[in-house]
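Report on the following structure.
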Amino acid sequence: MGILNRLDSRIEQFETGNLMITSVDKLLNYARLSSMWQMFFGLACCAIEMMATSASHYDLDRFGIIPRPSPRHCDIILISGTVTLKMASRIKRLYDQMPEPKYVLSMGSCSNCGGPYWEHGYHVLKGIDRIIPVDVYVPGCPPRPEALLEGLLKVQEKIRTQSIAKQIKKA
Amino acid sequence: MPEVRTEEMLINMGPQHPSTHGVLRLFLTLEGEIVKDVRPYIGYLHRCFEKHTEAMTYPQVIPYTDRMDYLNSMSNEWSYVLGLEKLMGIEVPERVEYIRVVMAELQRIASHLVALGTYGNDAGAFTPFLYSFIDREKVLELFEITCGARLLYNYFWVGGLSHDIPANFQSKVKAFIKEFEPNIKMYNDLLSYNKIFIERTANTGILPLDVAINAGATGPILRASGLKYDLRKDEPYSIYHKFDFEIPVAEQEVGTVGDSWNRYMVRIKEMVQSLRIIEQAIDNIPEGDVSSAVPKRVKPPVGEIYSRTETPKGELGYYIISDGSLNPYRVKARSPSFVNLSILPKISKGHMMADLVMILGSLDIVLGCIDR
């Protein structure tokens, strides 16, 4: 019963087995975090590690993370590499095209803070968080696939604690 | 029949596009589905390489050369340290030369595996990508046990190496060769001689030899047009003259000489030759200290030098000017991908737009190397 284990302890299951009670949030969050569609979007060296992570050896598919070419299909964008000033406005535009709720994972030193190009990189944006909000930062130059996986699991954790029902109520 | 009025359509492909292999933007002029003109716009990954070289000391530049062509870090470093060693007159120990050859050829295999996988991906075949990355992980593991990094190594130092190879390195490389050799046939069965793949790639984007030479193309792209030109044979650096290997060129097997299929196939054949070189080198690594010739201070005399090596993408050269201080006065990189990309407008006119993706993929560009 893998699903029930991951849903939460606040599930009530009836003895007949075909009925269970949980909150809307728990169910929605479970669905959202198990199918985080990622944008098919690579920038630099980290994109190669991102490809390696989604290929057979590390296999992102098992977390339900599959790359989609259009930003309108995506839940999460991995900023994988150096963001230059020329590219920054394009990334902002891609981010704006993604539907809510959306998440940003900043992968590698370059997109965290400028990385090795911090001091003399006159054409490098010193951190993607200057243009779009970031949920999880993964350090490394480039981060190992295991580090990226952990970052993605952190995003899943974040999704698990959020409440969509409360947002709807507020609106 | 009344005349149909047509007009040209202008389309931007990229900078975010799954098939542009990074952040390349192509400005297309289309008539229907026929490509009339292609103009590549670059600079979306300009990371100020030359500015950094002026601000850093000589050894500090090596990590930045890693990040130029990130699929091929070992060879990038090699071009750079080779120039400095020539400029400073450093005699490199033979053990270092052997290890460098093994590393560079392993890197060539890893780079070509990415080219193979992503090219299949462009054609709509996702499976070869998954298989090629299994083999690539094995190569990366070899690098990892040697220097601790998977992708960007900072392994070749001026006069030596950062780490010696571990004790089990040779047996692991031999195990890799044994595992990898039969896989080349598998790739040929999976992709190279696949009917659909041949239909997509053969006879598209034919690059005549004279155009290739005039444009300055190097590497598999030049060899696929039929010229046997490889710096490892024509201007042997390091110890390449000691090894017995062939330079694969396009043969009249499938399609036309100079088309996309042949550009792809030359890479497959190069992997076989790289394995041959590694096989010859791995058993003959002499004993010695890999850091005995590493100078305490890298301070070359006043002078300038152009050093080049054959990387998986082609000829990578650095033009280094030294003013006698600890920082380079200037380092100019001649990147193979940049030159090879300039061919794209010449060979893609008149093709369908879907073929353009295949032509671009066959050039095997890396944007980090183009924009620097």
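Numbers restart at 1 for each chain; the letters A, B, ... are given by sequence-line order, proteins then strands.
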Would you mind telling me which of Gly117(B), Gly43(B), Gly368(B), Pro63(B) has the largest number of heavy-atom pairs within less than 4.5 Å of chain A?
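With the most close heavy-atom pairs to chain A, the winner is Gly43(B).
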For the atom pair [atom1] ([X]) and [atom2] ([Y]), what is the distance rounded to the nearest 0.5 Å?
| X | Y | atom1 | atom2 | value |
| --- | --- | --- | --- | --- |
| Arg144(A) | Leu140(B) | CZ | CG | 9.5 Å |
| Met87(A) | Asp371(B) | CE | CG | 11.0 Å |
| Ile48(A) | Phe133(B) | CD1 | CZ | 6.5 Å |

Tell me the closest heavy-atom pair linking [X] and [Y], and the distance in Å.
| X | Y | value |
| --- | --- | --- |
| Val124(A) | Arg47(B) | CG2-CA, 4.2 Å |
| Pro142(A) | Leu152(B) | CD-CD1, 3.5 Å |
| Val23(B) | Leu43(A) | CG1-CD2, 3.6 Å |
| Leu45(B) | Thr82(A) | CD1-O, 3.7 Å |
| Leu130(B) | Ala55(A) | CD2-CA, 4.0 Å |

With only heavy atoms counted, which part of Ala44(A) is less than 4.5 Å from chain B, the side chain, the backbone, both or neither?
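Contact with chain B involves both backbone and side-chain atoms of Ala44(A).
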Picking from [options], which has the most non-hydrogen pairs under 4.5 angstrom with chain B?
| options | result |
| --- | --- |
| Ser56(A), Cys45(A), Ser54(A) | Cys45(A) |
| Ala88(A), Pro69(A), Ala52(A), Pro67(A) | Ala52(A) |
| Ala47(A), Cys110(A), Gly81(A), Cys141(A) | Cys141(A) |

Chain A heavy atoms under 4.5 Å from Gln60(B): which part of the residue, side chain, backbone, both or neither?
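Neither part; nothing is under 4.5 Å.
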Is it the backbone or the side chain of Val366(B) that comes under 4.5 Å from a heavy atom of chain A, or both, or neither?
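For Val366(B), no heavy atom lies under 4.5 Å from chain A.
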Answer yes or no: does atom [atom1] of [X] have more than 12 heavy-atom neighbours from other residues, nucleotides or ligands under 6.0 Å?
| X | atom1 | result |
| --- | --- | --- |
| Glu150(A) | CD | no |
| Tyr329(B) | OH | no |
| Lys332(B) | NZ | yes |
| Lys154(A) | NZ | no |
| Phe197(B) | CZ | yes |
| Tyr131(B) | OH | no |

Mind checking whether Lys86(A) and Pro15(B) have side chains closer than 4.5 Å, heavy atoms only?
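When only atoms from C-beta onward are counted, Pro15(B) and Lys86(A) do not touch, as no gap falls below 4.5 Å.
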Answer yes or no: is there a side-chain heavy-atom contact under 4.5 Å between Tyr64(B) and Pro116(A)?
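A side-chain contact exists here, since the closest heavy-atom pair is under 4.5 Å.
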Counting N and O atoms only, with roles assigned by atom type, does the side chain of His123(A) sit under 3.5 Å from a partner on the main chain of His46(B), one being a donor and the other an acceptor?
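Answer holds: yes.
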Do the side chain of Gln16(B) and the main chain of Ser70(A) share a donor and acceptor less than 3.5 angstrom apart?
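No: the side chain of Gln16(B) does not pair with the backbone of Ser70(A).
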Applying a criterion of heavy atom separation less than 4.5 Å, what residues of residues 66-76 of chain B form contacts with chain A?
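Counting heavy atoms that sit under 4.5 Å from chain A, the residues of residues 66-76 of chain B involved are Arg67(B), Tyr70(B), Leu71(B).
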Under the side chain to side chain contact (heavy atoms under 4.5 Å, CB included) test against His57(A), which residue among Lys138(B), Glu141(B), Glu137(B) passes?
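Of the listed residues Lys138(B), Glu141(B), Glu137(B), the side chain to side chain contact (heavy atoms under 4.5 Å, CB included) partner of His57(A) is Glu137(B).
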